[in-house]
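Presented below is the structure to which this report refers.
In each ligand, atom 1 is the first atom listed, and ligand 1 is the first ligand listed. When reading the values below, keep in mind they use all heavy atoms of this one structure, side chains included, and skip hydrogens, waters and symmetry mates.
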Amino acid sequence: MRIDNKSYKTIWFNEDKSVGIIDQTKLPHSLDIISLYKLEDIITAIKTMQVRGAPLIGGAAAFGIVLAMKDDPSDKNLIESSKRLIATRPTAVNLKSSVTIMNDKLNSLQKKDRYEASLEIAKNICLEDEECCRLIGLYGKKIISEYIQKNDIEKVNILTHCNAGWLATIDWGTATSPIYHALKDGIKIHVWVDETRPRNQGASLTSYELTNEGVPNTIISDNAGGLLMRQGEVDMCITGTDRVLANGDVINKIGTYLKALAAFDNNIPFYVALPGTTIDSKNDKVSKNMIEYRAPDELTHVVGIDDSNVLKRIRIFPKDCTALNPAFDVTPGRLITKLITEKGIFESSAEGLSNYHSTSKK
Ligand code: MRU
């Protein structure tokens, strides 16, 4: 997608054998493209959220293995690098599955072939995600256009939470792909963008990318969605997810559950968009270690630019206060209208997911 009318992907491999990324901790104030040369750099980028979003951290972890194999293709390094990458963030299932794919394919290869092979596999993981997101957009666009026809409205108001946009994937995004595809077809759309405290992915990233693509959008505080729903200002909600459990419950950015409850109470459809790589078929219950708790200072402090354009980090809470910062919550499948995937539309339930698995990609 585009920033200032120039096309970008979120991650790529450079000729000098480094990995290029957009440093998302600097957005929306500055567009910093950086190069990562070592496994250590990828680990830091994932932990500090220079790259974030379930599919993108899956892609970044795959490139982490590439950089590790470039330096030392031994079995020992493959095992240790994989463990370290998997430990960077616990919630998104994509991260572990990318590392597992890399391992499964590299294990049987001779050491001398591992670097070249790892590069091809990592590139394929990214291409695959991009294609999944494109297809999610085509299925999601149908839902939007059918809603418009059925309700005989001119413009659709969509509420989204966090950033499940192209910045969270390789391209297109999950929740945003239906929006971008609908817009291309001339459908009139306005997006309510939840600010998404504490890291403000909605305000800093979703609004930024939608504006760069020409999608009308308005940032709202996280607590405003319920009121707007009651006032008839929201037609549907679309979010992404970091992990869909085998029973159809959805783990996503903290605050998603409250939006789904409010949507349910107001009879507003609540869709979750995801590539199959986000489905956790092994677990049908949430365990404590699936929910990431991040540092309390993400809550007690805010980062922004002052009137002289100087980037500052300031404390907004009382000194030495106690703060708890869970980064994800769980939305029961019963609150979710449908899952939008690259294979089509499915119920968010064990049965729906089993139908997903038995459907092939068209
Ligand atoms: O903590 P983040 O910014 O990595 O969380 C991102 C989200 O929760 C997204 O909604 C999710 O990854 C879906 S991304 C297509």
Side-chain angles (χ1 to χ4, degrees), residues 1 9-11 21-25 27 45-61 88-98 126 128-130 132-137 140 159-180 193-210 222 237-244 250-260 270-280 290-295 298-299 325-331 336 339-342:
M1 307 300 285
K9 309 264 183 222
T10 52
I11 195 161
I21 59 162
I22 298 168
D23 180 352
Q24 299 194 18
T25 61
L27 293 173
I46 298 174
K47 281 188 176 167
T48 61
M49 295 173 64
Q50 286 175 309
V51 286
R52 28 70 49 204
L56 177 55
I57 58 178
T88 50
R89 292 193 75 188
T91 306
V93 76
N94 312 55
L95 199 154
K96 193 173 178 192
S97 55
S98 285
C126 292
E128 185 96 345
D129 183 68
E130 197 180 323
C132 283
C133 287
R134 189 184 72 80
L135 292 168
I136 287 167
L159 183 142
T160 192
H161 189 70
C162 192
N163 173 258
W166 73 268
L167 288 166
T169 64
I170 309 302
D171 210 350
W172 290 111
T174 55
T176 55
S177 187
I179 295 169
Y180 293 137
V193 179
D194 280 351
E195 176 191 19
T196 319
R197 279 279 291 151
R199 286 196 66 119
N200 301 329
Q201 289 95 327
S204 305
L205 305 174
T206 306
S207 177
Y208 175 80
E209 63 160 269
L210 290 174
D222 288 326
C237 304
I238 312 181
T239 73
T241 169
D242 291 77
R243 188 189 287 248
V244 179
V250 159
I251 306 182
N252 192 45
K253 183 55 56 197
I254 193 83
T256 304
Y257 174 43
L258 288 177
K259 289 302 136 62
F270 192 98
Y271 294 99
V272 175
L274 66 137
T277 44
T278 304
I279 300 170
D280 177 0
M290 287 177 193
I291 304 290
E292 180 179 15
Y293 282 76
R294 293 188 63 87
E298 290 185 351
L299 200 58
N325 186 16
F328 295 91
D329 63 21
V330 189
T331 301
I336 294 161
L339 300 174
I340 309 172
T341 78
E342 77 283 6

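- For the residue pair Thr196 / Asp194, no side-chain donor-acceptor distance below 3.5 Å is found, with atom types taken as modelled.
- Remark: Asp242 pairs with no residue by the side-chain hydrogen bond (donor to acceptor under 3.5 Å, both in side chains) rule, at least two apart or across chains.
- Ion pair Glu130/Lys9 flagged as a salt bridge, since at least one NZ, NE, NH1 or NH2 atom sits closer than 4.0 Å to an Asp/Glu carboxylate oxygen.
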Dump the pairs for me: ligand 1 N or O, protein N or O, distance under 3.5 Å, to 0.1 Å.
from: ligand 1; atom 1: 1 (O); to: Arg89; atom 2: NH2; distance (Å): 2.8
from: ligand 1; atom 1: 1 (O); to: Lys253; atom 2: NZ; distance (Å): 2.7
from: ligand 1; atom 1: 3 (O); to: Arg52; atom 2: NE; distance (Å): 2.9
from: ligand 1; atom 1: 3 (O); to: Arg52; atom 2: NH2; distance (Å): 3.1
from: ligand 1; atom 1: 3 (O); to: Gln201; atom 2: NE2; distance (Å): 2.9
from: ligand 1; atom 1: 4 (O); to: Gly53; atom 2: N; distance (Å): 2.9
from: ligand 1; atom 1: 4 (O); to: Arg89; atom 2: NH1; distance (Å): 2.8
from: ligand 1; atom 1: 8 (O); to: Asp242; atom 2: OD1; distance (Å): 2.9
from: ligand 1; atom 1: 8 (O); to: Asn252; atom 2: OD1; distance (Å): 3.2
from: ligand 1; atom 1: 10 (O); to: Asn252; atom 2: OD1; distance (Å): 2.8
from: ligand 1; atom 1: 12 (O); to: Ala54; atom 2: N; distance (Å): 2.9
from: ligand 1; atom 1: 12 (O); to: Asp242; atom 2: OD1; distance (Å): 3.2
from: ligand 1; atom 1: 12 (O); to: Asp242; atom 2: OD2; distance (Å): 3.0

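- Checked against side-chain hydrogen bond (donor to acceptor under 3.5 Å, both in side chains), Arg197 has no partners two or more places apart in sequence or in another chain.
- Using a 4.5 Å cut-off on side-chain heavy atoms (C-beta onward), Phe270 and Thr239 make contact.
- Arg52 pairs by the side-chain hydrogen bond (donor to acceptor under 3.5 Å, both in side chains) definition with Gln24, Asn163, not counting sequence neighbours.
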